[in-house]
Amino acid sequence: AELDREEIDQYIIDINKAIAAVTDLRLILNKDETGFGRRPDYGKKRNCVFAINCDIEPVWRATTDSHHVSWVACISAGATHTRHLMISTRKNLDPAASKTFLPGFAEYFKTKKGYMNADAMVYWVQKILAPYVMDIRNGIGNPEHPFVLIMDRLGAHFDKKVMEEFEKLAPYTIISLPAHSSHLTQPCDGCL
């Protein structure tokens, strides 16, 4: 209900215009993040500490979710995907996780809260997006082939340092999702 019809119409126009220049569907990309908290009900349930017959209002205890993990995925219109990125608050990947499929599945990056920030986004562009795009471009024999990246409007995605990294991969088009997008306008959301 909060989607703006004009914004969606412009989004569709932007996509149609951008993909007209792309001859390889593997270079039409959609990136999104999702998260896993230590407490899946965090923000949904609140614990209240109070004393019966006390004049003081109840205190709602809501400690921070300090073990959040973000998963960054990027899929293409050609049914391929980039390497994944896991973001967590830990300095290194948990030793137990190091013995699972995760090291072969995803890169790992630490942020203070386990969420995407500008430094994590720079890392994603340098270590994941750039090698993927360059590999496709080299494979089709066109090092200047444009790519299209569809992603939400998170401020970290458009930080100055991030945009400098995108410029190294030019030509490209970034298409921002309309505000309040769901799986209807966010293809990767449906996948995740």
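Note: hydrogens, waters and symmetry copies are ignored here, and every other heavy atom, side chains too, is used.
- Side-chain contact annotation: Tyr11 with Ser176, donor-acceptor N/O pair under 3.5 Å absent.
- With respect to Lys161 and Asp119, a salt bridge is recorded, a charged nitrogen being found less than 4.0 Å from a carboxylate O.
- Here the side chains of Arg153 and Leu177 are not in contact, with every heavy-atom distance at 4.5 Å or above.
- In Lys127, the NZ atom is not crowded: 12 or fewer heavy atoms of neighbouring residues, nucleotides or ligands sit closer than 6.0 Å.
- Side-chain contact, His157 with Asp152: a donor N or O sits under 3.5 Å from an acceptor N or O.
- Ala21 and Pro146 make their closest contact through O-CG, 3.6 Å (heavy atoms, listed as atom of the first residue, atom of the second, distance).
- Taking the six-membered ring where tryptophan is involved, the planes of Phe105 and His84 are essentially parallel, since the angle between them stays under 30° and well short of 60°.
- Counting heavy atoms from C-beta outward, Met134 and Leu169 have side chains that approach closer than 4.5 Å.
- No side-chain N or O of Tyr115 forms a donor-acceptor pair with one of Glu33 less than 3.5 Å apart.
- Across every non-hydrogen atom of Thr89 and Lys113, the tightest pair is CG2-C, 3.4 Å.
- Heavy atoms only, all atoms of each residue included: Ser70 and Gly114 are closest at OG-O, 2.7 Å.
- Nearest heavy-atom pair across Ala118 and Val162 is O-CG2, 3.8 Å.
- For the side-chain contact (heavy atoms from CB on, under 4.5 Å) test, residues two or more places apart in sequence or in another chain that qualify with Ser98 are Leu93.
- One hydrophobic cluster, built from ILVMFWY side chains closer than 4.5 Å, holds both Tyr108 and Phe101.
- There is no side-chain donor-acceptor pair under 3.5 Å between Ser76 and His81.
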